[in-house]
Amino acid sequence: LIYTIDKDDDWKDFAVWKKANPNFGISCLEDDLRSKYRDAMQLAHKQNINKCKHLNIWSNAAISWINMVKLDECIDATITPDKFKDCPCWVGLDLASRIDLTAMMLVFRLPEENSFSQFTGGRYAIFGKFYLPSETVELSENGHYRAWEAQGFLKSTPGHRIDLGYVMQDLQEIAKTYNVKELVYDPYEATRFIEEAQNVVSFPCIEMLQTPNFMSEPMKIFEEAYMSGNLLWDGNSFLRWQFSNVILKNAANKKYYPTKEKGNLKIDGPVATLMALSRASLIENAASVYETRGEFLWL
């Protein structure tokens, strides 16, 4: 015997949840079930979990991570990085391969007392720079890349491989303009670039692996920030597309990490954001960039 909702029921109607929980109000307490219902309404990755565990709806679909409605509520199209010159900044860099998308994200930590646009108590503001080889952008199936390039959200470099000189040039300009504390990078494909970067910038370059041990906590911090309105971003449509592509994968010990369903669905911007956020969040209330909570976890 399987208790579940009926085919034509709307699972978003809490009234139908009783059908799948025959001990409702006895061993299946209403307050607990309503709490899980609220989680499912707000957090995209909790929807499939609750459908399976509490409504007995079979699902093998990938679990989307971002509630895009909530993330869109954090958009302030008037902001630019220059508004945050005095705020500490972390740079997240995901170089991927030389023929694929490279993402460089700026994560600014905002003073608690500041208020921007309709937001109060904002903690983070994020901005992205993205790079692809021009030959990739010009492929017939990549009209979406050409549109984002025309809008100024994507920079194409000549040839079939990314010219990392463009990335280095932008990094040097960022170093001169903003209060950068650290560059956080994935060591894969990054060795030579980081060796050069360490010769031209004064801030530390911190290696971070893209594994559940390192990605799970910043994912939770990002989730809390955007769900509470403590995140600002400019609505960059290329970055928005990448956020919508992020799928949550569960690992051992209740940790999870970001991934994607298909290779052509890019998530480099969100990954670089999480890498920078992992360091920005560690030094909350610290007097020095090195006075961190549990820094041994991240080095």
Please answer whether the main-chain N or O of [Y] pairs with a side-chain N or O of [X] as donor and acceptor at a distance below 3.5 Å.
X      : Y      : answer
Thr273 : Gly269 : yes
Ser216 : Tyr256 : yes
Thr177 : Ile174 : no
Tyr226 : Asn67  : yes
Arg146 : Val137 : yes
Lys266 : Gly263 : yes
Trp17  : Leu55  : no

Quick one: are [X] and [Y] in side-chain contact, heavy atoms under 4.5 Å?
X      : Y      : value
Ser64  : Ile247 : yes
Leu232 : Ile79  : yes
Trp90  : Ser278 : no
Leu164 : Ile162 : yes

Is the gap between the ring centers of Phe153 and Phe238 under 6.0 Å?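 Ring centres of Phe238 and Phe153 not closer than 6.0 Å.
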Among all residues two or more places apart in sequence or in another chain, which pass the side-chain contact (heavy atoms from CB on, under 4.5 Å) test with [X]?
X      : result
Ser134 : Ser156
Asp6   : Asp9, Lys19
Val184 : Met208, Met275, Arg279

Which pairs, with at least one residue in residues 184-197 and sequence neighbours excluded, count as a side chain to side chain donor-acceptor pair (under 3.5 Å)?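 Matches after skipping sequence neighbours: Asp186-Gln210.
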Heavy atoms of other groups near [X] [atom1], more than 12 under 6.0 Å:
X      : atom1 : result
Ile99  : CD1   : no
Tyr3   : OH    : no
Lys260 : NZ    : yes
Gln169 : CD    : no
Lys220 : NZ    : yes
Gln151 : CD    : yes

How are the rings of Trp241 and Trp148 set relative to one another: parallel (under 30°), tilted (30 to 60°) or perpendicular (over 60°)?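 The rings of Trp241 and Trp148 sit tilted, inter-plane angle from 30° to 60°.
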Using 30° and 60° as the class limits, which term best fits the ring planes of Trp65 and Phe222: parallel, tilted or perpendicular?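 Ring orientation of Trp65 relative to Phe222: tilted.
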Linked, directly or transitively: [X] and [Y] (ILVMFWY side chains, under 4.5 Å):
X      : Y      : value
Ile267 : Met68  : yes
Leu209 : Met215 : yes
Leu265 : Met219 : yes
Met168 : Tyr166 : no
Val246 : Val69  : no

Applying side chain to side chain donor-acceptor pair (under 3.5 Å), can you list everything that pairs with Lys70, at least two apart in sequence or on another chain?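 In terms of side chain to side chain donor-acceptor pair (under 3.5 Å), with neighbours along the sequence ignored, Lys70 is linked to no residue.
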Val91 and Leu106: side chain to side chain contact (heavy atoms under 4.5 Å, CB included), yes or no, with the steps? CA-CA 5 Å; Val91 178; Leu106 307 184; 3.7 Å; yes
Mind checking the [atom1]-[atom2] spacing from [X] to [Y]? Nearest 0.5 Å is all I need.
X      : Y      : atom1 : atom2 : answer
Ile126 : Asn236 : CD1   : CG    : 9.0 Å
Thr211 : Tyr257 : OG1   : OH    : 10.5 Å
Tyr145 : Leu139 : OH    : CG    : 10.0 Å
Leu93  : Thr102 : CG    : OG1   : 7.0 Å
Leu95  : Leu101 : CG    : CG    : 10.5 Å
Ile194 : Ile206 : CD1   : CD1   : 10.0 Å

Any side-chain donor paired with an acceptor under 3.5 Å for Asn213 and Lys255?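 Yes, Lys255 and Asn213 have a side-chain donor paired with an acceptor closer than 3.5 Å.
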Tell me every residue that passes ring pair (Phe, Tyr, Trp, His ring centres under 6.0 Å) with Trp233, counting only those two or more places apart in sequence or in another chain.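 Partners of Trp233 by the ring pair (Phe, Tyr, Trp, His ring centres under 6.0 Å) criterion come out as none, since no residue qualifies.
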For the student: nearest non-hydrogen atoms of [X] and [Y], plus distance:
X      : Y      : result
Gly128 : Met105 : CA-SD, 3.4 Å
Asn179 : Cys87  : CB-O, 3.5 Å
Ala276 : Gly92  : CB-N, 3.6 Å
Val180 : Ala175 : CG2-CA, 4.5 Å

Give the C-alpha distance, both sets of side-chain angles, the deciding distance and a yes or no for side chain to side chain contact (heavy atoms under 4.5 Å, CB included) between Phe203 and Glu182. CA-CA 5 Å; Phe203 44 81; Glu182 295 171 332; 5.6 Å; no
Worked check of side chain to side chain contact (heavy atoms under 4.5 Å, CB included) between Phe108 and Lys83: CA-CA 10 Å; Phe108 294 90; Lys83 280 195 173 184; over 6 Å; no
For Leu132 and Asn142, what are the C-alpha separation, side-chain angles and deciding distance, and is it a side chain to side chain contact (heavy atoms under 4.5 Å, CB included)? CA-CA 11 Å; Leu132 270 173; Asn142 287 339; over 6 Å; no
